[in-house]
Amino acid sequence: MLRHLRDAGPRSRAGIAADTGLNKGTVSSLVAELAERGLVREGDRERAGAVGRPGTIVRLDGRGVGGIGVEINVDYLTALALDLTGAVLFEQRVALDVAALPVEKVLDAGAELTARALRECRRLGVMPAGVTVGIPALVDVASGTVAFAPNLHWTDVGVVRGITERLTRRLGPPSFPIRTANDANLGALGEYAMGSVAGTADLVYLTGEIGVGGGVIAGGRLLGGAEGFSGEIGHIQLDPAGRRCGCGRRGCWETLVGLAGMLRLAASPGDPVHDPSLDLEQRLDLIRRRAELKDKRTLDALAQVGTGLGVGAAVLVNVFNPRVVLLGGYFAQLGPYLLGPMLAELETRVIAPGIGGCRVELSWLGFTAASRGGAHVALQAVFDDPALVPVRAERESG
């Protein structure tokens with residue numbers, strides 16, 4: 001019933017009974033229990049027709065429970081907290097040259113940013129349901145370990161253990177689960193749950209950062225892979241004789257269209273757009289302004305990246321036949337300059353007529369998709385088992 005209120009919106013008790021097939025007595029009992037746990041509340045009254053008793057509207061109550069998503073990427077950290085309704089409780093991004101720092105320093109910074117989000121939840125009286133840390137890496141989800149993160153230069157890093165130890169020193173032992181996952185897979189989940197194409201059952205999400213990641217939703221489910229190592233589509237090899245990639249091979253897709261590749265094409269070394277101490281959106285604003293001023297080098301670089309996007313995306317469209325290819329990260333920020341050449345390549349390379357009924361769209365979530373997906377994963381545990389949240393009286397006395 002909690003999931004139904006999330007997906008269908010506020011309903012009267014009679015409406016919930018009609019929608020779910022539960023009898024009215026069961027609905028009343030469940031509403032009372034969920035209200036005791038601070039997960040739903042009743043408010044406005046509605047009248048179904050010209051006659052009859054008015055019904056009281058039941059809606060999710062976002063004041064009691066929150067989920068936190070954290071992203072550790074090559075040149076920034078992000079933390080974002082959402083309540084049960086999807087409202088943002090806390091959001092902060094910090095520019096950080098992660099690839100140049102020791103792992104311990106990065107985990108220190110990640111734990112501190114996470115602690116800020118937790119302190120804000122505490123200030124608001126919100127109980128954290130969990131923390132999910134997204135990383136551009138092959139992630140062993142079960143052990144909470146980054147197996148290999150080529151662009152961060154990490155191998156076998158115990159992220160969950162490291163973050164947990166640091167949070168314990170700052171705030172005491174966490175009473176909620178801490179998880180880690182591939183950032184692009186979390187981005188796909190965030191888009192599927194709350195993005196511009198939310199609910200699209202067959203979706204390929206592409207995110208452009210220093211590397212390129214992707215998540216695939218098929219039939220409404222994330223394709224995680226046999227060992228959970230999906231999402232590293234940036235390492236599809238398109239040019240075996242091409243530039244060396246952070247993974248050690250040559251000609252991976254991300255060497256052609258990743259942020260580092262785009263900036264290398266668009267600007268000389270020493271240009272401010274290469275400065276990792278600047279916020280990423282500031283750097284992209286510089287590129288956008290140059291494109292608006294018709295700077296030839298910038299426009300040529302963006303056209304080349306758009307073409308490269310189409311080459312790699314055509315492989316994915318031919319394999320998965322998605323309804324939407326959604327561009328996130330910097331691809332979304334500079335999308336108007338990338339879409340033309342990308343679509344031209346798709347129309348040439350996709351075997352199915354009309355590129356298989358697929359359309360290309362730009363994300364509204366931008367660089368928050370992974371952290372939103374992480375918060376969504378944390379909250380999903382509550383939707384799966386609302387009894388994880390104690391009744392308010394117990395929570396307050398505890």
Side-chain angles (χ1 to χ4, degrees), residues 1-11 15-16 18-22 39 60 67 69 80 82 84-86 129-130 132 134 139 141-142 177 179-207 213-233 313-329 331-332 346 350 352 354-366 368-386 388:
M1 192 178 81
L2 199 66
R3 284 198 295 263
H4 182 67
L5 288 171
R6 177 194 64 189
D7 297 338
R11 292 286 191 275
I16 294 170
D19 291 344
T20 63
L22 298 170
L39 300 177
L60 293 180
L80 184 142
L82 300 177
L84 206 64
T85 69
T132 312
V139 176
V141 175
R179 309 172 180 87
T180 188
N182 174 270
D183 65 327
N185 283 338
L186 291 178
L189 287 172
E191 296 287 357
Y192 180 69
M194 62 195 80
S196 57
V197 294
T200 300
D202 295 282
L203 167 71
V204 169
Y205 171 69
L206 304 178
T207 179
V216 178
I217 304 288
R221 298 177 64 87
L222 177 72
L223 297 184
E227 298 292 335
F229 288 158
S230 67
E232 291 296 323
I233 61 172
V315 176
L316 301 173
V317 173
N318 279 328
V319 172
F320 295 110
N321 184 215
R323 181 64 59 203
V324 175
V325 171
L326 187 67
L327 301 183
F331 297 149
L346 286 173
V350 172
I355 61 174
C358 174
R359 65 184 190 274
V360 180
E361 297 201 12
L362 306 179
S363 167
W364 295 350
L365 301 184
T368 72
S371 53
R372 283 178 179 269
H376 169 77
V377 167
L379 289 168
Q380 187 60 42
V382 175
F383 286 103
D384 290 342
D385 183 7
L388 292 172

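- The two residues L326 and L362 have their closest heavy-atom pair at CD1-C, 3.8 Å.
- In this structure, L346 CG and R359 CZ are separated by 14.0 Å, a value rounded to the nearest 0.5 Å.
- Taking the side chain as every heavy atom from C-beta outward, V325 and C358 approach each other to under 4.5 Å.
- With contacts defined as side-chain heavy-atom distances shorter than 4.5 Å, the pair L84/L39 qualifies.
- Residues in residues 189-198 take part in these side chain to side chain donor-acceptor pair (under 3.5 Å) pairs, two or more places apart or across chains: E191-S363.
- Taking CD1 of I217 as the reference point, atom CG of L189 lies at 5.0 Å (rounded to 0.5 Å).
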- Message: Run I233 and V315 through side chain to side chain contact (heavy atoms under 4.5 Å, CB included) and show every step you take.
- Response: CA-CA 10 Å; I233 61 172; V315 176; over 6 Å; no
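- Using a distance-only test at 3.5 Å, with no hydrogens or angles considered, a donor-acceptor pair links the side chain of N321 to the main chain of G356.
- Within the model, atoms OG1 of T132 and CG of L80 stand 11.5 Å from one another, a figure rounded to the nearest 0.5 Å.
- Contact between P322 and L316 at its shortest, heavy atoms only, is CD-O, 4.3 Å.
- Across every non-hydrogen atom of L82 and L379, the tightest pair is O-CD1, 3.9 Å.
- V382 and A129 make their closest contact through CG2-CB, 3.7 Å (heavy atoms, listed as atom of the first residue, atom of the second, distance).
- Shortest non-hydrogen contact noted between V139 and N182 is CG2-N, 3.8 Å.
- Atom OG1 in T200 sits 14.0 Å away from atom OH in Y205 (nearest 0.5 Å).
- Side-chain atoms of D202 come within 3.5 Å of backbone N or O of G219 as a donor-acceptor pair.
- Taken from CE in M1 to OG1 in T20, the straight-line distance is 8.0 Å, to the nearest 0.5 Å.
- Applying the side chain to side chain donor-acceptor pair (under 3.5 Å) test to pairs two or more places apart or on separate chains, those with a residue in residues 369-385 are R3-D384, R6-Q380, T368-R372, Q380-D384.
- Closest approach of A313 and L206 over heavy atoms only: CB-CD1, 4.3 Å.
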